[in-house]
Amino acid sequence: MSFNILKTKKHGQVKMFESIAMLLVFFFLIAIGLKFYGNIQINSLERTKERFITMDSIKMAILLSNLPEVKCSIQNVQKGACIDLYKVMAWEQVSQIEPAKSYYFNLLGHSTIVLEERIGADRWKSYLMHNKTFKENYSTSVTPLPVAVWNPNLRRHNFGVLYVKVHSET
Amino acid sequence: MRKGQTEVLGFAMVMLLVSVGMLFIVGFIILREPSDIKRVFTDKQLAVNMNDALLSSTSGCKGIEFERLIIDCAQYQEILCDTSNTISSCSHIETAMRDIFTNTLEKWGKGYKYQIYFEGMDPMIHLNSGDGACNGDLEPGIFYLPTTKGTVFVRLDICE
Amino acid sequence: MYDAKRGISAQQFHWLFVLIAGAIILLFFINVISAGKTSAENKLSISMMNSFDAIFAGSKASDNTVSIIPAPPKTSIEFVCDAEDGHSEIAISGTIASSQDPNRIMFAHGSITGRQYVVFTRSIDMPFKIDNALFVADLDTKYYILNNPSRTSLSNALVKLLPSNITSEKINDASALREEGYDEIVIISFGNLPQSLPALKEIRVKNVDITPSSTRGVGTVEFRSKKPGATRFKPAEGASKYYGSTMLLGAVFSENMDYYECTIKRIYKKLKVVSQLYTKRSVLLEAAVRSGVCKAAYHDAIGQLTELKAVASGNRSLTPNNINSQEVMKLRDIKLELESLNEQVELHSCPLIY
């Protein structure tokens with residue numbers, strides 16, 4: 001009889017051990033699955049973040065090309081795809097001092113805006129309109145915008161490109 | 001089969017199903033093409049904006065804009081761009097456009113095809129990027145200019 | 001004997017163990033799903049906010065545009081602009097999504113809960129264009145224009161300024177007001193504030209009272225609201241000024257005086273920057289041109305533009321948070337002077353001041 005009790009006891013312990021082991025393995029599998037799922041989610045969020053940065057870059061390009069502060073205008077009638085050179089030259093100087101400095105930082109953020117004007121065959125002139133980068137570890141999304149650069153004094157349009165470079169921390 | 005063996009077999013089947021499921025999920029996520037908003041937007045806008053800006057810009061030929069020069073090239077080629085009267089409007093357009101595209105589109109890694117033509121006829125001006133091939137998705141920017149000989153098409157196609 | 005002493009059988013204990021383990025597993029998964037749901041909702045609301053930002057940025061690019069935007073179902077978009085600290089925000093209520101832009105010039109009522117809303121833009125000219133003002137209106141809001149026989153031209157002009165998609169009606173008396181299923185009613189009066197109103201318990205009722213001054217384009221606006229079921233408006237929150245049609249429209253489409261003044265301050269802030277730019281541009285032009293007449297005109301323009309910047313800086317404000325009539329009159333005078341100088345340089349074939 002005592003041998004039967006011992007056998008029953010051992011059988012019970014083995015069954016319990018089996019159930020616990022099964023649960024442990026199950027949770028281990030779940031943990032692996034969650035880790036995997038987590039990695040996929042992180043990947044997906046990274047891509048969403050990239051998409052938002054790209055949308056920001058496009059938004060800024062649209063915004064900049066339509067700013068009345070740089071767009072050509074005649075008696076308030078704005079001309080499309082055209083930038084007034086004298087407005088750009090004024091911007092270059094004025095954007096270094098307040099209140100324009102903080103205003104345009106709020107508007108343009110961490111970005112670099114350069115206007116390249118074609119002044120002859122293989123000759124280009126640069127105007128740095130805005131330059132605010134991060135100190136280190138950043139990526140840049142560049143959107144070039146071809147424009148006609150209007151010189152109101154010489155009454156002439158030169159071909160130009162407005163480079164909108166949006167920086168984001170990595 | 002003994003009970004223990006049956007249990008282990010069941011367990012192995014569950015593991016197999018879970019692995020196959022995960023494989024499908026991973027495969028789906030990896031193979032899904034990322035959306036490329038920027039490329040579609042900028043290439044299309046680039047072609048249109050580029051063409052628009054070029055047409056209103058001064059060509060460097062006697063202070064005349066490209067639009068007027070193109071019309072002259074399509075019509076009677078009366079405008080001569082240099083002092084020795086050897087460079088025609090069409091010739092100047094080709095040189096100037098080639099210079100501009102080299103410093104812009106090619107520098108940005110974009111392929112292009114630039115044509116000036118009357119509909120149904122061979123182009124008067126035809127410029128291609130580097131290797132001549134623009135086989136990817138083309139995003140066109142087309143402008144129409146009136147001339148005495150009909151409407152001339154100024155077309156710029158940009159591709160990756 | 002042993003059998004009698006066995007107590008609880010192994011099977012029952014096994015089931016108890018299974019129940020406890022099952023409950024733990026179920027709780028664990030419920031937690032995971034709940035966290036996933038919150039994360040998905042946040043992601044969706046941020047994505048929605050991003051889309052709104054893109055819509056507003058796109059709309060702002062051109063003036064005099066009107067767009068009808070379908071609103072996401074069961075979503076309320078809130079607009080905040082605080083005149084005291086200048087804080088402004090667009091947020092989707094009940095979510096973490098919000099967008100802050102300290103430079104955005106946007107007139108809107110406090111919140112939009114309707115199925116569709118209209119976004120339209122108007123140029124702000126002082127006299128040169130300084131920006132496009134954005135207006136956001138809920139299509140479930142009705143605008144009543146309370147006729148005043150002595151101000152017919154102004155009321156007609158205002159009706160023409162309103163986009164056609166916005167529901168508006170000219171009435172002669174406040175008794176004509178009806179609920180008609182709208183979420184909100186805005187009564188625009190012209191110095192003829194209605195003394196009694198129908199109770200209108202189910203909807204919000206606001207009033208914008210416009211009093212034009214003897215100087216064209218300039219006037220005073222007062223903002224009032226009414227408690228549900230009340231038959232009179234509460235006392236006015238205060239009086240502010242407007243100059244030009246864009247500011248006038250801004251008063252009609254603002255939640256209250258605080259919001260209106262907050263947005264007007266932003267216009268002044270932008271004006272300060274743009275006048276600085278035009279000043280520098282005029283300096284460069286003055287140096288570049290040869291004509292003595294044009295040089296003199298640019299020189300005068302520089303003086304006017306410097307004055308404009310001073311007005312926009314609010315150096316002459318008597319009270320910091322109220323737009324005063326002195327500033328508005330000065331703006332008008334400078335605008336007229338600059339228009340005249342611009343015509344002068346155009347006559348002499350010189351580059352325009354603006």
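Proteins come first, then strands; the chains are lettered A, B, ... in the order of their sequence lines, and each starts at number 1. None of the values given here were measured: they were computed from a predicted structure. Side chains included, hydrogens not; waters and symmetry mates left out as well; all remaining heavy atoms used.
Nearest heavy-atom pair across A:Asp122 and B:Asp99 is N-OD2, 3.1 Å. When all heavy atoms of B:Leu46 and A:Pro144 are compared, the closest pair comes out as CD1-O, 3.6 Å. The two atoms that bring A:Pro146 and B:Met50 nearest to each other are CG-SD, 3.5 Å, heavy atoms only.
Residue contact with chain B, scored on non-hydrogen atoms closer than 4.5 Å, involves the backbone and the side chain of A:Arg156 alike. Neither the backbone nor the side chain of A:Leu154 comes within contact range of chain B; no heavy atom of the residue lies under 4.5 Å from a heavy atom of that chain. Using a 4.5 Å cut-off between heavy atoms, A:Val147 contacts chain B through its backbone alone, with no side-chain atom that close. Within the 4.5 angstrom heavy-atom criterion, only side-chain atoms of A:Trp124, from C-beta onward, approach chain B. If you measure heavy-atom distances from B:Glu65 to chain A, you find no contacts under 4.5 Å at all. Only the side chain of A:Val25 comes within contact range of chain B, with heavy atoms under 4.5 Å apart. B:Asp52 touches chain A through its side chain: at least one heavy atom from C-beta onward sits under 4.5 Å away, while N, CA, C and O do not.
Side-chain contact between B:Met15 and A:Leu29: present, with at least one pair of heavy atoms (C-beta onward) separated by less than 4.5 Å. In this structure, the side chains of A:Phe159 and B:Asn103 stay at 4.5 Å or more apart for every pair of heavy atoms.
Applying a 4.5 Å heavy-atom cutoff, none of the residues of residues 82-104 of chain A approach chain B.
In the displayed structure, B:Lys62 atom NZ is contacted under 6.0 Å by more than 12 heavy atoms of other residues, nucleotides or ligands.
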